[in-house]
Amino acid sequence: MMKTIIVFLTIIVGLVVSQSSSSASGSGSVVEFTSDLSISSEWDHYWERCVGSGHAWLGTRRDWQDALKIAHDKLGFERVRFHGIFDNDMNVYQQGANGEAIYSWYNVDVVYDYLVSIGMSPFVELSFMPNDMASGDETIFHYMGNITPPKNFTTWNNLVVAFLEHVIDRYGITEVSKWHFEIWNEPNCGFLYVPGYANQTTEVLQTAYFEILNETFSAVKSVNADLSVGGPATCQSQWIPETLQYCKDNGIELDFVSTHEYPTDIVPLQRNIMYQVLSKSREIVGDDMQLFYSEYNDGLFNRHDTTYASAFAIFNIIDVYGLSDIFSWWTFSDVFEEQGQQSVPFNEGFGLQTIYNIAKPSFKAFELLHETGNLRYNTTGSHPTAGILVTNSWNKNEVLVLVYNHNIPDAPMDTETLAITLENIPSDVKKATIRRIDEDNCNPIALWTEMGSPSYPSTSEIEQLLKSTEFNEVSIPITKLDKHTIQVQLDIPPQGVAAIKLHF
Ligand SMILES: *[C@@H]1O[C@H](CO)[C@@H](O)[C@H](O)[C@H]1NC(C)=O
Ligand SMILES: *[C@@H]1O[C@H](CO)[C@@H](O)[C@H](O)[C@H]1NC(C)=O
Ligand SMILES: *[C@@H]1O[C@H](CO)[C@@H](O)[C@H](O)[C@H]1NC(C)=O
Ligand SMILES: *[C@@H]1O[C@H](CO)[C@@H](O)[C@H](O)[C@H]1NC(C)=O
């Protein structure tokens, strides 16, 4: 108990110090940004269209459902994408004694009913193979999704058609028209295995995948030509030109091209690697095709629980704006079991929330992004690591200034002092506040570490951890430069994020 109190005091002191320090700057000079509130353009919340999760069966669990509702309510996510709607654990298909198909949709309904009940839709990944129609035994992950093609495409196509007819019957075509149907997952990165080939070469995998793509595309369109279908759902932004060529040669008009990118797959890592990769993909698909990044994250290394992920998210979501129609963070929760469900709360899982729904710094970053409105104000100024985004807010008469300081690991960065000038303000500022995400704010892993990194935190420890994720909103001084111009100054530490809210 004593230890707990000391820890708590330390955190409070840490907050006060970080909020009030406005002197020490690494470079010594002030970084200037200017925003003109009379010039605005659209600010589309493209990152909210979808978020990732593990596999379909998790959707039958209450902890998963609770975590999803929190992510939907606080972060605004509209759809959720996960693997394995046809996996054996979902029990959608069995072959009867006379070879007939026996379908069972109850488990699917449990998951989709819940999504629809909270105002979300599935981003349907048509995967993997029910054992009774699989051409081989190879599986992936702890949950053993079968990754082989069907032994008979008629059986597979019939399953896809029966599945679609069932969901249209249950949820209505208006609802199902909002969904997207993505064919398989990462056929180029271990999620497809073609029996009979000792060497699973790109050629073997592409031939098999394109047959799945062609058959599944036709099956979906045979049910309703307006349903949105796409692929190739590859890892590392690969196979995009090959997929477009195959579709052109075979008269397939995809509704979207989808792929994935984890920035650490590219060596050496660069700060704007997501921008470079997404720009190239956009150039390949052209402006008339929807491009979905149906998975991404701050990387495949272990920084997901830290402020690195929050600064990464803010910087990149601003940086790649306009390149991708869907940008789906993998994942919303550490209720996840690709390598088996982890029971330590901070296990560097992909989730925005830990088990017990403790908001990681990345979750808090998405919370701030969700608060941004639909207009972005013209901003000038640049810096190698620090940047800003100025938007309106859903609350009338408010302007939100998001500030970040981000670089890749082990690259140089300092605490920076920013002077942000806002021109053409509508009226005098009535109130100005700041909230922060950094080492000392909204950083529950720090408190958990001070607690001795308990594998199974007690109820009271969990309560303290949850409390440490709340924003500490304090006022910030504003300097009036003239009748229409104000300035605000702040320090922003490495991998720090801040949100300044101005009420006019
Ligand atoms: C494939 O499945 C269909 C439908 O179940 C069946 O009519 C057909 O005979 C099967 N083809 C082969 C080669 O087994
Ligand atoms: C598999 O095929 C690739 C590309 O064709 C080749 O480079 C590689 O050496 C092959 N591996 C084996 C084990 O045969
Ligand atoms: C594509 O699928 C259609 C419908 O099943 C089939 O008729 C056609 O032969 C397939 N084409 C290729 C190249 O596999
Ligand atoms: C911001 O305004 C400047 C000057 O008017 C202009 O050159 C620039 O293109 C604008 N930027 C945006 C993003 O609108």
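The analysis underlying the following values was restricted to heavy atoms, covering all of them including side chains, and did not include hydrogens, waters or symmetry mates. What you see is a predicted model, and the numbers here were worked out from it, not measured in a lab. In listed order, ligands and their atoms are each counted from 1.
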Study note, to complete from the structure: Here the atoms of ligand 1 under 4.0 Å from any heavy atom belonging to Thr155 are 2 (O)
**Study point:** Per-atom contacts, ligand 3 versus Asn250 - under 4.0 Å to a heavy atom
**Key:** 13 (C)
**Study point:** Polar proximity ligand 2 side, Asn199 side, N/O cut 3.5 Å exclusive
**Key:** yes
Exercise for review: Please say whether the positively charged group of Arg79, taken as NZ for Lys or CZ for Arg, lies over the ring of Phe123, i.e. under 6.0 angstrom from the six-membered ring centre and within 45 degrees of the axis.
Suggested key: no
Exercise for review: Specify whether Tyr93 and Tyr103 have parallel, tilted or perpendicular ring planes, treating 30° as the upper limit for parallel and 60° as the lower limit for perpendicular.
Suggested key: tilted
Check your understanding: Looking at Phe315, is Arg271 sitting on its ring face, NZ or CZ under 6.0 Å from the six-membered ring centre and within 45 degrees of the normal?
Key -> yes
Review point. What about the rings of Tyr112 and Trp179, do their centers lie closer together than 6.0 Å?
Key: yes
Check your understanding: Side chain of Gln339, backbone of His142: donor and acceptor closer than 3.5 Å?
Key -> no
Exercise for review: Could you tell me whether atom 4 (C) of ligand 1 has at least one protein heavy atom nearer than 4.0 Å?
Suggested key: yes
Check your understanding: Hey, does the side chain of Asn347 reach the backbone of Val344 with a donor-acceptor pair shorter than 3.5 angstrom?
Key -> yes
Exercise for review: Verify the contact flag for atom 7 (O) of ligand 1, where contact means a protein heavy atom under 4.0 Å away.
Suggested key: no
Review point. For atom 12 (C) of ligand 1, which protein heavy atom lies nearest, and how many Å away is it?
Key: Asn152 ND2, 3.4 Å
Point to revise | Cation over ring face, Arg376 and Tyr321, 6.0 Å, 45° | key: yes
Exercise for review: Specify side chain, backbone, both or neither for Tyr246, according to which of its non-hydrogen atoms lie closer than 4.0 Å to ligand 3.
Suggested key: side chain
Practice item. Show which atoms of ligand 1 fall inside a sub-4.0 Å distance from at least one heavy-atom site of Thr154. Key: 2 (O), 3 (C), 4 (C)
Exercise for review: Please write down residue, atom name and distance for the protein heavy atom closest to atom 1 (C) of ligand 3.
Suggested key: Asn214 ND2, 1.5 Å
Practice item. Mark up the atoms of ligand 3 that fall under 4.0 Å of a heavy atom belonging to Glu215, in ascending order. Key: 2 (O), 5 (O)
